[in-house]
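Working notes, structure below.
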Amino acid sequence: MHVALRDVTTSDHDVLFAFQADPDGCAMAMVKARSREAFDATWERIGEQVARGERGVVAKAITLDSVLCGSIGSFVNEGELSVGYTIGKAWWGRGIATRALGLLLEQMRERPVHATTAASNMASRRVLEKNGFVVVGSQWSPETERYLACEEVKFVLR
């Protein structure tokens, strides 16, 4: 099993759109699927930020034996360097997200790195903890256009 990261290409977008729209994945992450228009606009913005070399913005495709199985990246949120990832349901439970996050963190020199996940998302919590992230707090987050109301757990890697 060879997990690798590569740059996201526009030819990846159809598969990544399907991953982010999966009802089980959305329920686990406590997010609402984006419309195709919103998805495309988000990836266009990310591509522009990467092209400009904006601080902390990285977008990578996750592959398993050269097959696209997710995406991972970093971004700056409210001044904090943060990470996020999505794995297609067919690849859950294989340690791919854990390995992909490890690979991303090897490329990132800046610390601290932050992450937030729904308190109920035990899989994502384990991925973060296996990569050295520790819980620094939790809070109730109200529903927004993108997120469902839930308790969020905040993590940091120093």
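Quick caveat, the model's predicted, so the values are computed rather than measured.
Within the model, atoms CZ of F133 and OG of S124 stand 10.0 Å from one another, a figure rounded to the nearest 0.5 Å. For the atom pair CD1 (I46) and CZ (F75), the distance works out to 9.0 Å, reported to the nearest 0.5 Å. In this structure, CG in L5 is found 7.5 Å from OG1 in T63, a value given to the nearest 0.5 Å. The OG1 atom of T98 sits 10.5 Å away from atom CD of E129, with the distance rounded to the nearest 0.5 Å. Going from atom CG of N131 over to atom CZ of R99 covers 9.0 Å, rounded to the nearest 0.5 Å.
Side-chain contact check for R94 versus I87: every heavy-atom pair is 4.5 Å or farther apart.
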Under 3.5 Å, side-chain donor or acceptor atoms of residues 102-118 against the rest of the protein: list the pairs with distances, not counting sequence neighbours.
residue	atom	partner	partner atom	Å
R109	NH1	E106	O	3.0
E110	OE1	R55	NE	3.4
E110	OE2	R55	NE	3.2
E110	OE2	R55	NH2	2.5
R111	NH1	M108	O	2.9
R111	NH2	L105	O	3.3

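Below 30°, between 30° and 60°, or above 60°: for H13 and W43 the angle between ring planes is between 30° and 60°, a tilted geometry.
Grouping the Ile, Leu, Val, Met, Phe, Trp and Tyr side chains by contacts below 4.5 angstrom, directly or via other members, places W92 with I96. In terms of hydrophobic clustering, with Ile, Leu, Val, Met, Phe, Trp and Tyr side chains grouped at heavy-atom distances under 4.5 Å, F17 and V8 are assigned to a common cluster. Hydrophobic clustering, with ILVMFWY side chains joined whenever heavy atoms are under 4.5 angstrom apart, groups L68 together with V58. Each of V31 and L16 belongs to its own hydrophobic cluster when Ile, Leu, Val, Met, Phe, Trp and Tyr are linked at side-chain heavy-atom distances under 4.5 angstrom. Tracing side-chain contacts under 4.5 Å through hydrophobic residues (I, L, V, M, F, W, Y), one reaches V15 starting from V3; they form part of the same cluster.
In the hydrophobic clustering, where aliphatic and aromatic side chains (Ile, Leu, Val, Met, Phe, Trp, Tyr) are joined below 4.5 Å either directly or transitively, W140 stands alone.
Among residues two or more places apart in sequence or in another chain, the ring pair (Phe, Tyr, Trp, His ring centres under 6.0 Å) test is passed with Y147 by none. The side chain to side chain contact (heavy atoms under 4.5 Å, CB included) search around A38 returns R34, S35, not counting sequence neighbours. Scanning for side chain to side chain contact (heavy atoms under 4.5 Å, CB included) contacts around V67 gives W91, with sequence neighbours left out.
In this structure, the side chain of R146 engages the main chain of K32 through a donor-acceptor pair within 3.5 Å. Counting only distance, with no hydrogens or angles, the side chain of S74 and the backbone of G56 share a donor-acceptor pair below 3.5 Å.
Of all non-hydrogen atoms in D12 and A61, the two that sit nearest each other are OD2-CB, 4.0 Å. Nearest heavy atom pair, residue V50 against residue A59, reads CG2-N, 4.2 Å. Closest non-hydrogen pair, G132 versus L157, comes out as O-CD1, 3.4 Å. Counting all heavy atoms, side chain and backbone alike, I62 lies closest to A100 at CD1-CB, 3.7 Å. Closest of all the heavy-atom pairs between G70 and F19 is N-CE1, 3.6 Å. Closest heavy-atom contact between L101 and Y85: CD2-CE2, 4.3 Å.
The side-chain hydrogen bond (donor to acceptor under 3.5 Å, both in side chains) contacts involving residues 15-26 comprise D24-K89, where partners must be two or more places apart or lie in separate chains.
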Check step by step if side chain to side chain contact (heavy atoms under 4.5 Å, CB included) holds for V135 and K154. CA-CA 6 Å; V135 174; K154 297 192 172 287; over 6 Å; no
Please test D40 against E44 for side chain to side chain contact (heavy atoms under 4.5 Å, CB included), starting from the C-alpha separation and ending with a verdict. CA-CA 6 Å; D40 289 341; E44 183 176 337; over 6 Å; no
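No more than 12 heavy atoms of other residues, nucleotides or ligands sit less than 6.0 Å from atom CD of E145.
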